[in-house]
Amino acid sequence: MPALQSPDASRKVLVSGANGFIGIWVVRTLLEQGYSVRSAVRAEEKGQHLKKMFGGYGDKHEIVVVPDITKEGAFDEAVKGVDAVEHIASPVTFNVEDPYELITPAVNGTVGMLHSVLKHGTSVQRVVITSSTAAVVRDDPNPLEFDENNWNEQCLEILAEGGPRLIGHIKYRASKTLAEKAVWKFWEENRGKITWDIVVLNPPYVFGPTIHDVASPSALNISTLEWHKFIVHPTSSGATNEFLATRGGGWVDVRDLAEAHMLALEKEAAGSKRIIINAGVWKWQDFLDAANAISPPPKLSQPLPVGNPGAGSADPAAIHMLVFKTDRARDIFGLKYHTIAETTEDMLADFESRGW
Ligand code: NAP
């Protein structure tokens with residue numbers, strides 16, 4: 001199935017959610033590798049930081065404003081003349097009352113993008129969708145290992161029943177699961193008439209340095225906000241040593257995930273597959289230990305806590321661990337992932353440079 005062969009200025013990629021934590025790293029990676037990029041944002045002012053950051057690329061980088069991705073035909077203009085699409089935009093918060101505040105933009109935005117490509121993306125060869133391991137996992141008292149055959153039916157059951165089990169992260173998981181299910185339904189219904197193909201990437205927690213427009217720690221995206229809260233401020237966040245030593249799962253550095261987004265355009269074998277992008281297992285204490293091993297220590301607004309050194313050690317048998325098989329990503333992408341130590345050093349250097 002089609003894949004982009006040689007990145008050059010004539011290869012243009014539409015990136016939705018381009019002003020977000022992951023989106024801007026995807027834009028940067030593509031530009032650095034020679035692609036032209038059309039960054040889609042919700043409003044003119046949301047493109048300002050991107051314009052400034054990538055001004056040096058001249059007309060190889062452009063902004064398109066798509067005010068409401070839930071509207072039919074929202075991406076009709078944006079997909080014209082591009083060779084590929086990276087659809088990353090989706091709401092990421094656990095703090096909503098109505099689950100459809102997440103589900104509607106996640107599903108309609110994704111299906112809408114696919115229909116726009118079907119109708120107007122005459123030069124498109126690949127569409128990469130950023131799903132999540134939220135669409136793969138389920139909570140269970142026993143440690144479980146997941147792969148691409150697993151689907152998060154559990155969150156859909158809880159969504160259907162409503163009630164107290166329908167907490168924030170379940171609503172988010174439902175939005176990602178329904179959006180990804182809609183992708184594969186579209187694929188089944190339309191594969192006979194489309195000349196392009198689809199790749200779905202399923203990352204777990206994504207950490208790494210922030211390059212999008214963030215004025216204060218509270219404005220960080222959800223995953224790095226949690227990282228900042230539990231590594232820099234665990235005491236004030238109410239996290240106990242036991243919490244830090246037992247909570248964790250899978251993770252990937254945002255720069256590796258951005259590279260996976262680029263490779264998903266280029267690797268023929270990625271076509272028509274969902275692919276878990278996971279660097280390994282972690283617990284908060286592992287990041288805390290890595291933070292305290294940095295020499296000289298980063299100059300943050302307050303000294304780093306220590307927690308209970310060594311208590312994490314990423315034991316997959318511990319409760320609350322989600323473990324993922326990564327053979328498919330290894331075979332298709334062969335990524336060399338950042339380590340916990342490398343990502344921790346770069347995140348803390350980023351916080352230090354911002355005076356946090
Ligand atoms: P983020 O920084 O919050 O970025 C989200 C992006 O989506 C922003 O550009 C945002 O635009 C856009 N967006 C959100 N709601 C929208 C809506 N209703 N209409 C149009 N655009 C909307 O989050 P992120 O961490 O980079 O996440 C990006 C993608 O990766 C999401 O699909 C998420 O599910 C997936 N993902 C993230 C993680 C993680 O740990 N971070 C893990 C797995 C998967 P505005 O700035 O205008 O709101």
Side-chain angles (χ1 to χ4, degrees), residues 14-28 39-50 63-71 74-75 78 86-96 98 100-110 112-113 128-137 152 155 169 171-180 183 200-215 218-228 248-258 260-261 264 274-279 282 322 324 343 347:
L14 170 67
V15 179
S16 75
N19 63 317
F21 169 58
I22 295 169
I24 195 167
W25 272 109
V26 173
V27 173
R28 176 166 154 173
S39 288
V41 293
R42 276 205 265 194
E44 204 71 51
E45 66 273 16
K46 300 218 180 204
Q48 291 308 321
H49 178 76
L50 285 155
I63 305 281
V64 61
V65 175
V66 179
D68 183 358
I69 65 172
T70 65
K71 284 224 168 100
F75 288 107
E86 306 267 13
H87 180 57
I88 300 172
S90 201
V92 192
T93 171
F94 304 145
N95 193 17
V96 287
D98 178 0
Y100 286 88
E101 278 182 44
L102 304 179
I103 293 169
T104 303
V107 175
N108 294 11
T110 304
M113 174 66 89
V128 178
I129 308 278
T130 313
S131 181
S132 168
T133 52
V136 173
V137 298
N152 190 344
C155 66
H169 80 267
K171 295 173 192 173
Y172 170 70
R173 286 178 179 183
S175 75
K176 297 304 286 182
T177 305
L178 289 169
E180 198 194 326
V183 170
V200 171
L201 299 181
N202 301 74
Y205 265 86
V206 185
F207 301 129
T210 291
I211 56 168
H212 65 301
D213 191 18
V214 174
S218 63
L220 285 164
N221 79 297
I222 291 285
S223 52
T224 49
L225 178 69
E226 285 195 11
W227 198 97
H228 184 267
W251 77 288
V252 66
D253 186 293
V254 67
R255 295 162 289 187
D256 301 332
L257 180 61
H261 277 78
R274 70 194 305 231
I275 307 174
I276 292 173
I277 308 294
N278 175 52
W282 60 281
L322 301 171
F324 301 98
T343 300
M347 289 181 79

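Every number for a ligand or one of its atoms is a count from 1 in the order of the listing.
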With a 4.5 Å limit on heavy-atom distance, are the side chains of P209 and W25 in contact? yes
Only one of L201, N202, V200 forms a side-chain contact (heavy atoms from CB on, under 4.5 Å) with I276, so which one is it? N202
Counting distance only, does the side-chain N/O of S16 pair as donor-acceptor with the main-chain N or O of A89 below 3.5 Å? yes
If we set the cut-off at 4.0 Å for heavy atoms, which region of F21 has an atom near ligand 1: side chain, backbone, both, or neither? both
Ligand 1 versus A134, non-hydrogen atoms closer than 4.0 Å: side chain, backbone, both, neither? neither
Could you tell me whether S90 approaches ligand 1 through its side chain, its backbone, both or neither, with non-hydrogen atoms closer than 4.0 Å? both
Need the ligand 1 atom indices (1-based, order shown) with element for anything under 4.0 Å from a heavy-atom of I69. 19 (N), 20 (C)
So do the side chains of L14 and M113 get within less than 4.5 Å of each other, counting heavy atoms only? yes
Note: ligand 1 atoms sitting under 4.0 Å from heavy atoms of P105 are 18 (N)
Among all protein heavy atoms, pick out the one at the shortest distance from atom 31 (C) of ligand 1; state its residue, atom name and that distance to 0.1 Å. I88 O, 3.3 Å
List every atom of ligand 1 that sits less than 4.0 Å from any heavy atom of S132, numbering the atoms from 1 in the order shown and giving each element. 43 (C), 44 (C)
Ignoring hydrogens and angles, tell me if any N or O in the side chain of H49 forms a donor-acceptor pair with the backbone of V214 under 3.5 Å. no
Looking only at heavy atoms, is any part of P204 under 4.0 Å from ligand 1, and if so is it the side chain, the backbone, or both, or is it neither? backbone
Nearest non-hydrogen protein atom, atom 40 (O) of ligand 1: V206 N, 2.9 Å
Mark yes or no for whether K176, through its side chain, and T130, through its backbone, hold a donor-acceptor pair below 3.5 Å. yes
Main chain of G250, side chain of W282: is a donor-acceptor contact present, judged purely on distance under 3.5 Å? yes
N19 heavy atoms, cut-off 4.0 Å: which ligand 1 atoms fall inside? 8 (C), 9 (O), 11 (O), 45 (P), 46 (O)
Of the side chain and backbone of S223, name the one, both, or neither that has a heavy atom under 4.0 Å from an atom of ligand 1. side chain
Do E180 and I129 touch side chain to side chain, with heavy atoms closer than 4.5 Å? no
To which protein heavy atom is atom 48 (O) of ligand 1 closest, and what is the distance rounded to 0.1 Å? R42 NH2, 2.7 Å
For atom 6 (C) of ligand 1, closest protein heavy-atom neighbour: G17 CA, 4.0 Å
Among non-hydrogen protein atoms, atom 43 (C) of ligand 1 lies closest to P203 O, 3.3 Å
Determine the sole option in V92, T210, I88 for which the side-chain contact (heavy atoms from CB on, under 4.5 Å) test with F21 is passed. T210
Short version for Y172: what comes under 4.0 Å of ligand 1, heavy atoms counted, is side chain
Please determine if N221 has a nitrogen or oxygen closer than 3.5 Å to a nitrogen or oxygen of ligand 1. yes
So, do F94 and V96 sit near enough that their side-chain heavy atoms are less than 4.5 Å apart? no
Within 4.0 Å of some non-hydrogen atom of T130, the atoms of ligand 1 are 30 (O), 32 (O), 35 (C)
Is V137 close to R173 at the side-chain level, that is, under 4.5 Å between some pair of heavy atoms? yes
Where's the contact between V92 and ligand 1, heavy-atom distance under 4.0 Å: side chain, backbone, both or neither? side chain
If you scan protein heavy atoms around atom 4 (O) of ligand 1, the nearest is G20 CA, 3.6 Å
I need the atoms of ligand 1 closer than 4.0 Å to a non-hydrogen atom of Y205, numbered in the order shown. 40 (O)
For atom 44 (C) of ligand 1, which of P67, G250, A135, S131 has the closest heavy atom? S131
Which residue holds the protein heavy atom closest to atom 26 (O) of ligand 1, what is that atom called, and what is the gap in Å? I22 N, 2.9 Å
N/O donor-acceptor pair under 3.5 Å between N152 side chain and A134 backbone: yes
Reported CD1-to-CD distance for the pair I22 and E86, which is rounded to 0.5 angstrom: 11.5 Å
Shortest protein heavy-atom distance from atom 45 (P) of ligand 1, along with the residue and atom involved: K46 NZ, 3.4 Å
Is there side-chain contact between V206 and N221, with heavy atoms separated by less than 4.5 Å? no
